[in-house]
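Working notes, beginning with the structure itself.
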Amino acid sequence: MASTLPLTQQETELKKIVARSCRIVGRQGVTKGSFGHVSARLPGTNRILIKAKGPDEEALEFATERDVIAIDIDGNVLDAVQGLTAPNETAMHLAVLRRRPEVQSVIHSHPDWVVVLTATNKPLVPMLGAYDGAATLRAVVREGIPVYPRTLTIINDELGADFMNTMGEANTCLLRGHGMTTAGSSVEDATHRALQIYELARLNYLAYTIGTPEPVPQRDQDEYLARREDGPYRRERGPSSTGEGSFWKYQRKLLGEEL
């Protein structure tokens with residue numbers, strides 16, 4: 001479907017952010033090549049922006065706004081250049097976005113560490129403490145990380161509903177021997193979560209190679225979570241002078257972007 005619709009400034013900016021997220025997760029190794037996708041809901045509409053697939057697709061690490069197409073909440077392609085269309089697993093993104101209106105972005109990826117750990121029934125242990133510990137502990141302990149037991153791709157509404165029966169209200173869901181899906185209140189939020197779980201899975205894998213990873217002690221878990229809610233970590237979550245969080249600015253610099 002050729003691009004015929006004029007883009008609003010809001011949609012143009014969101015396309016840039018989705019493409020940037022694709023480059024981040026691609027270059028950080030969260031997923032490889034074109035096997036994965038980022039989507040975002042255009043606020044106040046049923047219009048969804050998603051990284052495209054097709055004969056003219058680009059790998060995520062090289063994605064630009066051209067690679068981000070528009071679909072509706074039913075999966076119909078609304079706006080795409082020739083050679084690009086919606087990915088087969090669009091049904092997974094739409095299942096999350098339909099069920100949970102608070103979710104603004106969904107990322108599906110295939111981290112090696114997650115694939116190996118889930119394929120061998122090794123649980124993700126909340127072993128991170130001092131660095132990025134509070135946020136990761138919150139994701140693992142408080143929100144939980146369910147594991148979808150099937151390995152096949154989610155390509156229709158029936159499988160999407162089945163997947164959501166596992167994911168529920170969690171913001172991360174692993175898929176056995178397949179990968180992971182993260183949801184967030186923004187593209188930046190979903191991207192941050194994807195990188196957090198990627199790092200946790202990597203460290204879990206390394207720990208399993210030499211022994212059995214031990215979780216952060218319960219006393220320390222409680223302390224980290226309390227700090228996250230009302231303590232030293234709370235001040236770190238305020239807006240910066242540019243309006244961007246430190247995580248997003250750091251990732252943009254790694255991409256070589258001028259701030």
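Here the structure is a predicted model, which means the values were calculated and not measured.
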Show, in sequence, the C-alpha distance, side-chain angles and deciding distance for Ile197 and Leu124, and conclude whether the side chain to side chain contact (heavy atoms under 4.5 Å, CB included) test is met. CA-CA 9 Å; Ile197 304 305; Leu124 272 188; 4.0 Å; yes
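- Judged as a ring-ring contact (aromatic ring centres under 6.0 Å, His included), not a single pair has a partner in residues 56-81 (not counting sequence neighbours).
- For the pair Arg193 (side chain) and Ala183 (backbone), a donor-acceptor distance under 3.5 Å is present.
- Not a single ring-ring contact (aromatic ring centres under 6.0 Å, His included) links Tyr208 to another residue, sequence neighbours left out.
- For the pair Val96/Phe163, a side-chain contact is recorded, criterion being any heavy-atom separation below 4.5 Å from C-beta on.
- Note on Ile17 and Val38: same hydrophobic cluster, where clusters join Ile, Leu, Val, Met, Phe, Trp and Tyr whose side-chain heavy atoms are under 4.5 Å apart, directly or indirectly.
- Taking all atoms of both residues into account, the shortest heavy-atom contact from Lys51 to Gly36 is CG-O, 4.3 Å.
- Considering only residues two or more places apart in sequence or on other chains, Lys32 meets the side-chain hydrogen bond (donor to acceptor under 3.5 Å, both in side chains) condition with Asp112.
- Across all non-hydrogen atoms, the minimal contact from Ala190 to Thr182 is O-OG1, 3.2 Å.
- When the salt bridge (charged side-chain N to carboxylate O under 4.0 Å, His left out) test is applied to Lys122, no partner is found at least two apart in sequence or on another chain.
- Taking 4.5 Å as the limit, every side-chain heavy atom of Tyr148 sits out of range of all side-chain heavy atoms of Thr118.
- Using a 4.5 Å cut-off on side-chain heavy atoms (C-beta onward), Ile145 and Met180 make no contact.
- Side chain of Arg41 to main chain of Val103: a donor-acceptor pair is present (N/O by atom type, distance under 3.5 Å, no hydrogens or angles).
- Between Ile48 atom CD1 and Gln104 atom CD the span is 8.5 Å, to the nearest 0.5 Å.
- The two residues Ser21 and Ile107 have their closest heavy-atom pair at OG-CD1, 3.7 Å.
- Residues forming a side-chain contact (heavy atoms from CB on, under 4.5 Å) with Asn156 (at least two apart in sequence, or on another chain): Glu158, Leu159.
- The main-chain N or O of Asn76 is never found under 3.5 Å from a side-chain atom of Asp74 such that the two would form a donor-acceptor pair.
- In this structure the side chain of Glu223 never reaches within 4.5 angstrom of the side chain of Arg219, judged on heavy atoms.
- Under the 4.5 Å side-chain heavy-atom criterion for Ile, Leu, Val, Met, Phe, Trp and Tyr, Leu203 and Leu174 are members of the same hydrophobic cluster.
- Every residue two or more places apart in sequence or in another chain that forms a salt bridge (charged side-chain N to carboxylate O under 4.0 Å, His left out) with Arg20 is listed here: Glu257.
- By the 4.5 Å heavy-atom criterion applied to side chains, Glu199 and Arg202 are counted as neighbours.
- Remark: Gln28 pairs with Ile24, Val30, Leu195, Gln251, Leu254 by the side-chain contact (heavy atoms from CB on, under 4.5 Å) rule, at least two apart or across chains.
- Placement of Leu152 and Leu175 within a single hydrophobic cluster is found when ILVMFWY residues are connected by side-chain heavy-atom separations under 4.5 Å, directly or transitively.
- In this structure, CH2 on Trp248 lies 4.0 Å from OG1 on Thr191, to the nearest 0.5 angstrom.
- A search for salt bridge (charged side-chain N to carboxylate O under 4.0 Å, His left out) contacts involving Arg98 returns Asp157, not counting sequence neighbours.
- Between Phe35 and His110, the angle of the ring planes goes over 60°, which puts this pair in the perpendicular group of the 30/60° scheme.
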Check against side chain to side chain contact (heavy atoms under 4.5 Å, CB included), Val187 and Leu14: CA-CA 9 Å; Val187 177; Leu14 189 56; 4.2 Å; yes
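- Under the rule for a side-chain contact (heavy atoms from CB on, under 4.5 Å), the partners of Ala95 that lie at least two apart in sequence or sit in another chain are Met164.
- Residue pairs satisfying the salt bridge (Lys or Arg N to Asp or Glu O under 4.0 Å) criterion with at least one member in residues 57-66, sequence neighbours excluded, are listed as follows: Lys53-Glu57.
- Side chain of Ser105 to backbone of Gly184: no donor-acceptor contact under 3.5 angstrom is found.
- For the pair Val114 and Gly179, the tightest heavy-atom approach, listed with the atom from each and the gap, is CG1-O, 3.4 Å.
- The shortest heavy-atom contact between Ala161 and Arg99 is O-NH2, 3.9 Å.
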Assess the residue pair Leu94 and Ile71 against the criterion (side chain to side chain contact (heavy atoms under 4.5 Å, CB included)); give the C-alpha distance rounded to whole Å, side-chain angles, the decisive distance to 0.1 Å, and a yes or no. CA-CA 10 Å; Leu94 296 180; Ile71 62 175; 4.2 Å; yes
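- The nearest pair of heavy atoms linking Arg47 to Ala70 is NH2-CB, 3.6 Å.
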Show which side-chain atoms of residues 84-93 pair as donor or acceptor with protein atoms under 3.5 Å away, not counting sequence neighbours.
{"from": "Glu89", "atom 1": "OE1", "to": "His108", "atom 2": "NE2", "distance (Å)": "3.4"}
{"from": "Glu89", "atom 1": "OE2", "to": "His108", "atom 2": "NE2", "distance (Å)": "3.4"}
{"from": "Glu89", "atom 1": "OE2", "to": "His178", "atom 2": "NE2", "distance (Å)": "3.4"}
{"from": "Thr90", "atom 1": "OG1", "to": "Pro87", "atom 2": "O", "distance (Å)": "2.6"}
{"from": "His93", "atom 1": "ND1", "to": "Ser39", "atom 2": "OG", "distance (Å)": "2.7"}
{"from": "His93", "atom 1": "NE2", "to": "His37", "atom 2": "ND1", "distance (Å)": "2.9"}

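- Atom OH of Tyr198 sits in a crowded spot, with more than 12 heavy atoms from other residues, nucleotides or ligands closer than 6.0 Å.
- With hydrophobic clusters built from ILVMFWY side chains whose heavy atoms lie under 4.5 angstrom apart, Leu60 shares a cluster with Leu255.
- Judged purely by atom type and a 3.5 angstrom limit, Asp67 has no side-chain atom pairing as donor or acceptor with the backbone of Ala63.
- Take Glu102 and apply the salt bridge (charged side-chain N to carboxylate O under 4.0 Å, His left out) test, not counting sequence neighbours, and it matches Arg100.
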Starting from the C-alpha separation in whole Å, work towards a yes-or-no answer on side chain to side chain contact (heavy atoms under 4.5 Å, CB included) for Asn204 and Met127. CA-CA 8 Å; Asn204 266 256; Met127 54 182 283; 3.6 Å; yes
